There are 2 protein chains.
Amino acid sequence: MSDQKTSHDTRDRILDIAERLFMENGYEATSMRMITGAAEVNLAAVNYHFGSKEALLREVFRRRLSWLNRERLQALDRLEGQAGGAPLKPSQILEAFFGTLLRMGEDEALGGMTFLRLLGRTLTDPAEFIRNFFAGEYAEVIDRYKLALFRALPDVPKAEIVWRLHFMLGAMSYAIAGTDVLQVVTGCGLGDLAGESGSGGPGDLVVARRLAQRLMPFLLGGLRAPLPQSIELPSQQQEPSR
Amino acid sequence: MSDQKTSHDTRDRILDIAERLFMENGYEATSMRMITGAAEVNLAAVNYHFGSKEALLREVFRRRLSWLNRERLQALDRLEGQAGGAPLKPSQILEAFFGTLLRMGEDEALGGMTFLRLLGRTLTDPAEFIRNFFAGEYAEVIDRYKLALFRALPDVPKAEIVWRLHFMLGAMSYAIAGTDVLQVVTGCGLGDLAGESGSGGPGDLVVARRLAQRLMPFLLGGLRAPLPQSIELPSQQQEPSR
DNA sequence: ACTTCGCTCAAACGTTCGTTTGAATCTTAA
DNA sequence: TTAAGATTCAAACGAACGTTTGAGCGAAGT
């Protein structure tokens, strides 16, 4: 209906619509015709501007991740500058890494919760080109934060820290992306954190902030949990209580 | 090559192959022809035995989840019987819920790590029929465990417990399913836990056991982490350190 | 005025998808 | 032996997929 092509040219409109549809349906179940139809552009526009459907998905992520990971590195630089050579506190590192991401959810211009949900979902997508893409986009950031955590927790084996980084990433991604499933299953989800429901609404701001408030203590508690008694165990040993 | 149709009729062979292919490629990217080709059965066999591709996926999950969730309920019954009315310890509840799942990964007859990976991946699938299916399969188990956690942590608001249940489910699912991505990203994954690599190998037994050993302390640490200072916060308040 | 270039458009390309069909084959029991 | 039922089979169905094509359009440069 409304014909405002001023601030929204074809390229950006495709990216915005694709971001939302990939989030709602997944990559495979979202067709070019769904995207171009919703964006009200010609079917061939995607291949003209991006080359292929795969390249479109990569570009959807690149414009957000390049900003996010640059911001994350700057946050770490800032903290390490303030610390003056001393190791950072785990809480500072988590705040820089996860807080920066969750703050994207409050900013509609950065994709808001739509992008956060898409990111969490796509991390488990088995498509190979997606794995390769993420590996390249995340390599530097993960490496820097891994080192920061190693220094922050000198008594914890490095392999253990990397595993707990996995766990933390999973907890965060599911809290955002898996909500539609878990909400149905547990009877509680992101919708309960705000008055409004549905992605892209004005309630996203408060959702992201309250989610961070609940998530950060959990992550910190898990990261600093006592280590398992023994790394190697001979055989079964299945005692439920400690 | 080997022609042993004795213990493996068409139905079961389809289920086993579909379980692996859905895990490797996802639901949408796995075609009927891939499944029937790998299972060496006729293309029409799936529709004959199961009715549709959706029904096949449901049956792949049903035969595993019915066992898993029955086992989970029995484990909880056993613990509550031993406690004689007293609240359970959080560690006992987590062991019953997550330990039962992780022990499936050690048993090839129960799907092993293949099923665990598939389960973790599919929980974030946005398809509606999948969400509805899981909601039904998990309803009773989640309800029982929610109540057990409420009793185990009487000082923690119930909403907070449900959120931490989300976080725990996410940490576990990503640790299993998201490994292919995270391994590339973090340079450490399930493969490092065993001598062998690849799903379905003999290393799966030790992988599942060592994963549990790393995961359970993390989950327990997150579950029992101190609560956020204030549930309501007026505005920004962005202090990185505590 | 004319060419150039970036972009849009309708139409079609060949392929693959999930599903259906009806005959052929196997199994079982009277 | 024969009839009935269950299962497998090759073949085809219509629909939807991602991509390509070549004509057409409007603004910019000379």
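Everything numeric here is computed off the predicted structure, so don't read it as measured data. A, B, ... follow the sequence lines: proteins, then strands. Residue 1 opens every chain.
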d(OH, A:Tyr48; P, C:dC7) in whole Å: 4 Å
- request: Would you mind checking if A:Arg64 and A:Glu19 are paired as a salt bridge, meaning a charged N to carboxylate O distance below 4.0 Å?
  value: yes
task: Using a heavy-atom cut-off of under 4.0 Å over every strand shown, decide if B:Ala44 touches base, sugar-phosphate, or nothing.
output: base
task: Measure the distance from CZ on A:Phe50 to P on C:dT8 and round it to the nearest whole Å.
output: 11 Å
Pairs under 3.5 Å (N/O, protein and nucleotides 15-18 of chain D):
unit_1	atom_1	unit_2	atom_2	d
D:dC17	OP1	A:Ser31	OG	3.2
D:dG18	OP1	A:Lys53	NZ	2.8
D:dG18	OP2	A:Met32	N	2.8
D:dG18	N7	A:Arg33	NH1	2.9
D:dG18	O6	A:Arg33	NH2	2.9

task: Inspect the contact between A:Arg131 and A:Glu128 and indicate whether a charged nitrogen and a carboxylate oxygen are less than 4.0 angstrom apart.
output: no
field: Distance, rounded to the nearest Å, where A:Ile14 contributes CD1 and D:dT19 contributes P
entry: 13 Å
- prompt: Of all residues at least two apart in sequence or in a different chain, which pass the ring pair (Phe, Tyr, Trp, His ring centres under 6.0 Å) check with A:Phe129?
  reply: A:Tyr27
Nearest-Å distance for atom pair CG/C1', residues A:Leu56 and D:dT19: 14 Å
Phosphate contact (C:dC7 OP1 or OP2) by A:Thr10 side-chain N/O below 4.0 Å: no
query: Is there any ring pair (Phe, Tyr, Trp, His ring centres under 6.0 Å) pair reaching into residues 105-127 of chain A, and which pairs are they, with sequence neighbours excluded?
result: A:Phe61-A:Phe115
field: Minimum heavy-atom distance B:Ile35-B:Leu56, with the two atoms named
entry: CD1-CD2, 3.9 Å
Spacing of B:Arg11 atom CZ relative to D:dT7 atom P, expressed in whole Å: 10 Å
statement: Sorted by position of nearest nucleotide on DNA chain D, 5' first, the leading residue of A:Gly51 and B:His49 is B:His49
query: Charged N to carboxylate O below 4.0 Å: is that the case for B:Arg144 and B:Asp77?
result: yes
query: Taking atom P of D:dG24 as reference, at what distance in whole Å does atom CG of A:Asn42 sit?
result: 16 Å
